[in-house]
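Read through the structure below, which is laid out as structure tokens, and then see the notes.
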Protein chains: 2
Amino acid sequence: MATTTAAQRREQARYAYDAFMRDCPTNQLLGRLSDKWVSLVVAALSGGPRRYSDLRRRIAGVSPKMLTQTLRTLERDGILTRAVTPSVPVRVDYELTPLGRSLAGLLTAVKDWAEEHIEEVHAARERYETAEAQAG
Amino acid sequence: MATTTAAQRREQARYAYDAFMRDCPTNQLLGRLSDKWVSLVVAALSGGPRRYSDLRRRIAGVSPKMLTQTLRTLERDGILTRAVTPSVPVRVDYELTPLGRSLAGLLTAVKDWAEEHIEEVHAARERYETAEAQAG
DNA sequence: AGAGTTGGTATCTTCTGGTAAGTAGTTACC
DNA sequence: GGTAACTACTTACCAGAAGATACCAACTCT
């Protein structure tokens, strides 16, 4: 008894958790996921495993501090794995877990949206500033 | 001549902009979109227009400062519109634009992912901390 | 011997976000 | 007549987070 299907569990989860609620764990998780570096790291890893310095080069402008910090929290949360090869010099590979891959599609979709709609956003900004100048 | 289809323009945009590049406008836009309050506001508006105080109640824990700030930048970027009704007391309605609705699906997908996978993330954290305690 | 590679840590400064309080303009209550 | 309430904000302050930069240790290559 008490057999639940994956669909039933998802349905239950949808009611049990509400990201709109403060102090709800999902609210905090959403805060973690809503991070520029998280989006870029996960997008960069969606093509396969990469090394630390690979990521540093691919993600322009990321400081070693923020890259390490982002990778650590993503590892802790089960989004990616960290594999150390004790060669000389040491080699560290980061790779998405199945959980991470299920997220990667969503985050890269947001990144792609930004790339595809940047011009519309830019146009909207110009309209806004023109209207503001006329109003003020 | 020089007729381009929407698909061609999208393809062009994909090559012209790269969110991995620092100082690329899309990188900055991704930074704006990767925001907890942006996700929650857009998700809250995806069901239809809402008033300021509606949003405040729905999005628990948001301060008036951050709500106003988030709404202003989203208005400026053409994601939503702000409509003032000069009644007494004044009434302000916020509504997603078509551009905003095209984004809403992606951001609510991330929010729903957080709600659906929070338990896996939680389990991963416990495993991580156990492993850490054994290692240390 | 000196530069370059690896994967980071330490430190300092700048900036952002949360808290709490105040504002304006009208209406309702006592 | 005073004051409380409702609306949609604005402002000042401060702790904590983010960002830039310098540095580290071990080794290889030239």
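Here is how names work: the chains are called A, B, and so on, in the same order as the sequence lines, proteins then strands, and each is numbered from 1.
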Of A/Arg58, A/Met66, A/Lys65, which is the lone residue that meets side-chain contact (heavy atoms from CB on, under 4.5 Å) with A/Val62?
-> A/Met66
Atom of B/Leu96, atom of B/Ala104 and distance for their closest heavy-atom approach = CD1-CB, 3.8 Å
If you find the nucleotide of DNA chain D closest to B/Val92 and the one closest to A/Lys36, which residue's nucleotide is nearer the 5' end?
-> B/Val92
Contact summary for A/Leu45 and A/Tyr94, nearest pair of heavy atoms = CD2-O, 3.4 Å
Is a side-chain N or O of A/Tyr52 found less than 3.5 angstrom from the main chain of A/Pro64, in a donor-acceptor match?
-> yes
Applying side chain to side chain donor-acceptor pair (under 3.5 Å), run through A/Glu119 and B/Tyr17 and close with a yes or a no.
-> CA-CA 10 Å; A/Glu119 282 170 8; B/Tyr17 295 110; 3.2 Å; yes
Would you say B/Trp37 reaches C/dT16's phosphate, i.e. side-chain N/O to OP1/OP2 under 4.0 Å?
-> no
Residues of residues 47-68 of chain B with any non-hydrogen atom less than 4.0 angstrom from an atom of DNA chain C: list those, numerically ordered, please.
-> B/Ser63, B/Lys65, B/Met66
Shortest non-hydrogen pair, A/Thr97 vs A/Gly78, comes out as OG1-O, 2.6 Å
Euclidean distance, atom CD of residue B/Gln69 to atom P of C/dT19 [Å, nearest integer] | 14 Å
Sequence-aligned protein contact record of nucleotides 22-30 of chain C, with B where the base is within under 4.0 Å of a protein heavy atom and S where only the sugar-phosphate is | ----SS---
State, with a plain yes or no, whether a side-chain heavy atom of A/Asp93 is found less than 4.5 Å away from one of A/Arg91.
-> yes
What one should report as the nearest heavy-atom pair of B/Leu30 and A/Ala114 is N-CB, 4.4 Å
Could you tell me whether A/Lys111 and A/Glu115 make a salt bridge, using a distance below 4.0 angstrom between a side-chain N and a carboxylate O?
-> yes
Anything under 4.0 Å to a heavy atom of chain A counts; send over the first and last such nucleotide of DNA chain D, read 5' to 3'.
-> D/dA18 to D/dC27
Stepwise, does the side chain to side chain contact (heavy atoms under 4.5 Å, CB included) test hold for A/Arg32 with A/Val38?
-> CA-CA 8 Å; A/Arg32 294 252 125 253; A/Val38 167; 5.8 Å; no
Here the distance between atom P of C/dG17 and atom CZ of A/Arg22, to the nearest Å, is 16 Å
